[in-house]
Amino acid sequence: MLIGAASISLLVPGGTAGAAGAAGITGAAGITGASLAATAATAATTETAAETASSTAEADPSKVKFTKDQAVAKLKELFPILNKAAVTSYELGVTNEYPPPENQMVWNLQWSYNQNSSYFGFSARVDAVSGNLINAFISASGWNNEVYYPPKVTEEEAFELAKAFLDKAITLPDGVEMVAEESSLSNPASQLLFGPVEYSFGFKQKRNGIESEYTDTYVIVDGSGTVTQFTRSADPAELPDLKPAVTQAEADSRFAEQLDMELAYVPLYDEEGLDRLVLAWRPTEASVNSIDAVSGKRINGMGEETDGTPPVLEDVPLGRKIFQARSVQTDLTADEAQKLVEQYIGIPAGRILSYSYLDDSYWNPEHPVWRLTWGSGPNAPVTAFPSQSSAEVDSSTGQIYSYTKEDFMPYGEKGSAAAAAGQPVSYTAAKQKAMYWVNLLYADASRQLKLAGEGEQGPDNGYTFSFQRYYQGIKVLSDTVTVRLNSAGGLESYFSNPNRLVEQSGLASKPAVSKETAEAAYLKEFQTGLHFSRYGGYYTNNVYAEPFTRLVYGVVPKDKKHEYDVLDAATGEWVSTYESAEAPEAEPADIKGHPQEQELQTLIRYHILMPDEAGLIHPDAAITAGDWIQMMTRASSYISSGDYGLNTDGSQPADAAGVPADDEYFAYIRQAVQLGWINEDTKLAVHDKLTREQMAVLLAGILKYSKLTAFLEKNGEADAFSDASSISNKGAVTLVVKLGLMEGRSGRFEPGAYVTKAEAAEIMMRLAGLQGRTDQRIGMNY
């Protein structure tokens with residue numbers, strides 16, 4: 001899941017605008033107005049036009065075939081809202097992003113759009129050679145209080161709009177076509193009931209009837225039928241015109257012959273992150289290498305030819321200096337964490353701690369980590385790529401999980417090794433230094449780590465060494481260490497992800513299922529498939545891997561449901577390494593025929609309600625106040641019970657509306673307070689059953705009409721009920737009755753009656769129907 005200390009993409013300071021002048025063309029406004037959302041939508045793309053050279057190539061105005069004016073005209077045709085917008089800046093090439101995209105022969109345009117005195121920045125890129133759209137973030141929805149449910153267009157209608165847009169956005173070479181994936185990404189679970197609807201569709205390229213294995217083009221259509229985002233990661237011209245020399249039967253035969261299974265402790269993930277580990281059988285990486293369909297050679301994960309020999313594992317000798325966990329019971333402060341890094345590794349001279357944040361660790365949920373950043377200080381000169389170091393330190397043990405000497409490198413540089421002083425070190429000396437670092441930084445390295453193969457020497461003459469963790473003699477998948485050294489042997493970066501669940505799980509070390517049985521099961525469910533596979537196109541340790549494409553036979557599941565599966569070595573059952581909380585395929589038995597069946601089913605599809613382990617919803621069970629707030633926050637916010645852990649300084653968060661931080665409902669109540677649904681001075685009894693009158697009061701808060709209810713206390717709908725004398729907050733009851741959210745029963749309101757799950761679902765769907773019809777937005781601002 002992680003590749004060493006992989007570089008990240010970001011928008012760099014506007015001072016780089018001058019660099020575009022060297023490329024030949026820059027808009028007068030420089031680089032301005034790019035929103036963070038636009039950056040996120042475009043930052044990771046690495047494009048290649050047909051006439052573009054390597055990743056170090058600069059934009060060449062003499063090669064422009066599609067002018068800036070043509071690019072502007074095309075964007076206005078594709079996105080009509082841009083006819084009301086203005087181009088604030090443009091440049092040929094991309095100088096405001098790190099790492100820079102491979103394709104510099106692009107028009108990089110920034111736009112501004114004013115609506116109701118609000119300013120919005122959009123961005124888009126068009127290939128200056130082919131005229132194809134590369135990416136765009138042109139979101140024009142979500143600015144007003146709009147109707148989100150039901151959306152104006154269905155998923156099927158949105159899909160047709162996406163295909164029509166794709167036909168206009170790019171021109172495909174002869175023999176190349178775009179095919180949609182079997183299912184779009186518009187799972188209702190990823191949508192908000194009270195929020196903008198987005199349908200996301202992924203497309204793969206196909207040439208001569210052969211698909212690429214990677215989805216490289218995405219089109220996002222909002223609920224009103226407007227295309228708001230487009231991105232692609234590979235130019236259509238990149239798919240080579242190749243014919244296989246190896247047959248499917250030959251590939252399947254070689255796959256069966258070379259298959260070799262191994263035991264491993266495999267991490268399983270759910271929507272909350274790392275869930276548990278399982279002892280499982282899985283094929284060794286070497287045995288499932290792809291087969292080049294043209295040459296017949298075996299291809300490793302980097303796209304290189306290999307003989308399929310498993311990597312040689314080498315023990316880590318015990319070092320003179322080894323890591324010692326802290327014995328102090330109190331957690332580290334930010335200052336103490338900083339001093340540990342400076343003591344064990346060292347920080348480049350002149351840098352000061354500029355950022356410290358105590359955060360949950362992805363790999364060790366019970367061990368918060370300090371994320372630290374050192375910058376050049378306030379008096380340092382402004383440069384295009386800031387001098388910055390970073391580290392991650394376990395706040396309990398003091399173990400340094402990661403360190404990067406230089407987070408950012410200037411475009412074209414191969415790493416700080418280029419400026420490293422001293423004589424270049426030999427491979428043997430570099431390996432000794434790598435062994436020194438893992439002993440010093442990794443707990444019990446000599447017993448748990450093995451050097452996996454020979455160290456790789458990069459184009460900067462530096463070395464990268466990879467170590468694999470073993471526990472009870474069994475590989476721990478995704479538990480690796482990467483040490484990168486410069487040519488002089490200095491530490492450039494260190495990355496580890498020790499998984500503490502291994503020690504805590506009490507995992508078995510002996511399988512109940514034999515290796516032969518596992519191999520037979522795997523051959524029954526997997527085969528080879530012919531497809532184009534793309535390699536490279538990314539940065540690792542600030543070194544760029546050039547992208548290229550091969551036609552290969554890769555191992556694929558016969559049934560897609562096994563795509564991410566491994567075989568449980570105890571039960572012989574297939575288990576998924578990623579278990580998403582998908583809505584049940586079958587409708588829960590206890591809601592069939594229920595008066596609120598449709599409303600309940602909608603909430604299940606949106607993951608607002610989920611069946612229990614028995615597959616039931618219990619529609620007539622009373623809910624608590626905490627249940628209702630949980631349902632509403634799930635319907636209007638991307639939030640889970642795991643959110644809102646420690647504050648950034650390591651302190652416990654304050655109570656929210658009287659609910660303590662360790663309460664299961666705390667994250668949801670805190671979100672409700674921040675949204676203004678509940679006054680922070682309220683003492684909410686979240687575990688008490690919710691009455692109908694309390695529901696009315698909470699609805700008034702969600703609608704931001706709590707003050708209005710004071711004017712509705714007298715002579716309103718609440719007074720018409722025969723049990724009006726039992727209603728304490730008549731204004732809130734009048735409000736919800738006027739709006740049609742709640743109603744009486746045989747002339748009574750029954751304020752003290754408990755609200756059932758089915759009744760809550762019905763009320764929520766009525767509330768969803770009010771979107772765009774109230775003076776305030778229901779839910780979050782987008």
Side-chain angles (χ1 to χ4, degrees), residues 1-2 258-288 310-316 318 323 325 361-367 394 396-397 399 401 438 442-452 466-481 496-526 555 557 559 561-581 613 642:
M1 295 184 66
L2 297 172
Q258 69 191 37
L259 180 64
D260 185 25
M261 305 293 283
E262 68 176 352
L263 281 174
Y265 292 121
V266 180
L268 306 183
Y269 303 89
D270 57 21
E271 291 187 330
E272 299 290 331
L274 182 61
D275 179 39
R276 61 191 176 93
L277 293 168
V278 62
L279 179 64
W281 285 106
R282 62 184 296 273
T284 63
E285 293 182 18
S287 73
V288 288
V312 177
L313 299 175
E314 186 175 337
D315 291 337
V316 174
L318 181 65
F323 171 76
S361 169
Y362 186 82
W363 303 102
N364 303 305
E366 297 180 2
H367 282 246
D394 189 307
S396 174
T397 65
Q399 185 168 348
Y401 289 154
V438 293
Y442 197 94
D444 205 15
S446 64
R447 294 179 57 189
Q448 300 207 64
L449 297 181
K450 292 183 183 293
L451 178 62
S466 298
F467 298 83
Q468 173 65 54
R469 184 185 180 191
Y470 284 78
Y471 180 72
Q472 300 181 133
I474 297 172
K475 178 188 290 188
V476 182
L477 207 63
S478 299
D479 198 332
T480 58
V481 179
S496 68
N497 50 346
N499 192 328
R500 295 189 184 277
L501 285 181
V502 177
E503 294 94 342
Q504 299 170 0
S505 301
L507 293 169
S509 60
K510 300 294 183 183
V513 176
S514 70
K515 181 177 181 179
E516 292 73 20
T517 300
E519 287 182 354
Y522 199 84
L523 287 172
K524 183 179 179 181
E525 298 295 341
F526 288 81
V555 178
D559 187 333
K561 71 179 182 180
H562 290 312
E563 189 168 8
Y564 303 107
D565 284 4
V566 292
L567 196 71
D568 191 315
T571 65
E573 299 293 328
W574 292 102
V575 291
S576 176
T577 54
Y578 179 73
E579 299 173 355
S580 60
E613 293 182 357

**Request:** Could you tell me which residues satisfy side chain to side chain donor-acceptor pair (under 3.5 Å) with Q448, sequence neighbours excluded, listed by chain and number?
**Result:** R469
**Fill in**
CD (E573) and CG (D568) are apart, to the nearest 0.5 Å, by 8.0 Å
**Prompt:** With sequence neighbours excluded, what pairs up with A569 under the side chain to side chain contact (heavy atoms under 4.5 Å, CB included) test?
**Reply:** L263, L279, W281, P511
**Prompt:** Which is it for Y269 and S576 under the side-chain contact (heavy atoms from CB on, under 4.5 Å) test, yes or no, and what are the steps along the way?
**Reply:** CA-CA 9 Å; Y269 303 89; S576 176; over 6 Å; no
**Message:** Side chains of E262 and I474, heavy atoms from C-beta outward: is any pair under 4.5 Å?
**Reply:** no
**Check: L277 and Y471 side chains under 4.5 Å, non-hydrogen atoms** = no
**Request:** Nearest 0.5 Å please: distance from the CZ atom of R282 over to the CE atom of M261.
**Result:** 9.0 Å
**Complete:** Output for pair (L313 CG, L451 CG), nearest 0.5 Å, gives 8.5 Å
**Prompt:** Under a 4.5 Å cut-off applied to non-hydrogen side-chain atoms, are D394 and S361 in contact?
**Reply:** no
**Request:** Just do the side-chain contact (heavy atoms from CB on, under 4.5 Å) check on D479 and N497 with the steps written out, would you?
**Result:** CA-CA 6 Å; D479 198 332; N497 50 346; 4.0 Å; yes
**Asked** side chain to side chain contact (heavy atoms under 4.5 Å, CB included) with P557: which residues, sequence neighbours excluded?
**Response** F526, H562, E563
**Prompt:** In Å, rounded to the nearest 0.5 Å, how long is the span from CZ of R447 to CG of L318?
**Reply:** 10.5 Å
**Asked** Is any side-chain heavy atom of Y564 less than 4.5 Å from a side-chain heavy atom of W574?
**Response** no
**Message:** For the backbone of A325 and the side chain of T397, can you confirm whether one donor and one acceptor N or O come within less than 3.5 Å of each other?
**Reply:** no
**Message:** With a 3.5 Å distance limit and no angle check, can you tell me whether S496 reaches the backbone of Y401 through a side-chain donor-acceptor pair?
**Reply:** yes
**Distance (rounded to the nearest 0.5 Å) between K510 NZ and Q472 CD** = 9.5 Å
**Asked** Taking all atoms of both residues into account, what is the closest heavy-atom pair of A518 and L567, and its distance?
**Response** CA-CD2, 3.6 Å
**Message:** Please enumerate all residues that pass side chain to side chain contact (heavy atoms under 4.5 Å, CB included) together with K561, with sequence neighbours excluded.
**Reply:** D559
**Steps toward side-chain contact (heavy atoms from CB on, under 4.5 Å) verdict (N499, S478)** = CA-CA 9 Å; N499 192 328; S478 299; over 6 Å; no
**Asked** Looking at K450 and E314, does any basic side-chain N land under 4.0 Å from a carboxylate oxygen?
**Response** no
**Prompt:** Out of L477, L449, T480, which one pairs with Q468 under the side-chain contact (heavy atoms from CB on, under 4.5 Å) rule?
**Reply:** T480
**Request:** Under the side chain to side chain contact (heavy atoms under 4.5 Å, CB included) rule, collect the residues that match up with A520, sequence neighbours excluded.
**Result:** none
**Request:** Return the set of residues passing side chain to side chain donor-acceptor pair (under 3.5 Å) with T517 (not counting sequence neighbours), or none when no residue passes.
**Result:** S514
**Taking every non-hydrogen atom, the tightest pair across A452 and P311** = C-CB, 4.4 Å
**Fill in**
One should read off an interatomic distance between D315 CG and Y470 OH, to the nearest 0.5 angstrom, of 10.5 Å
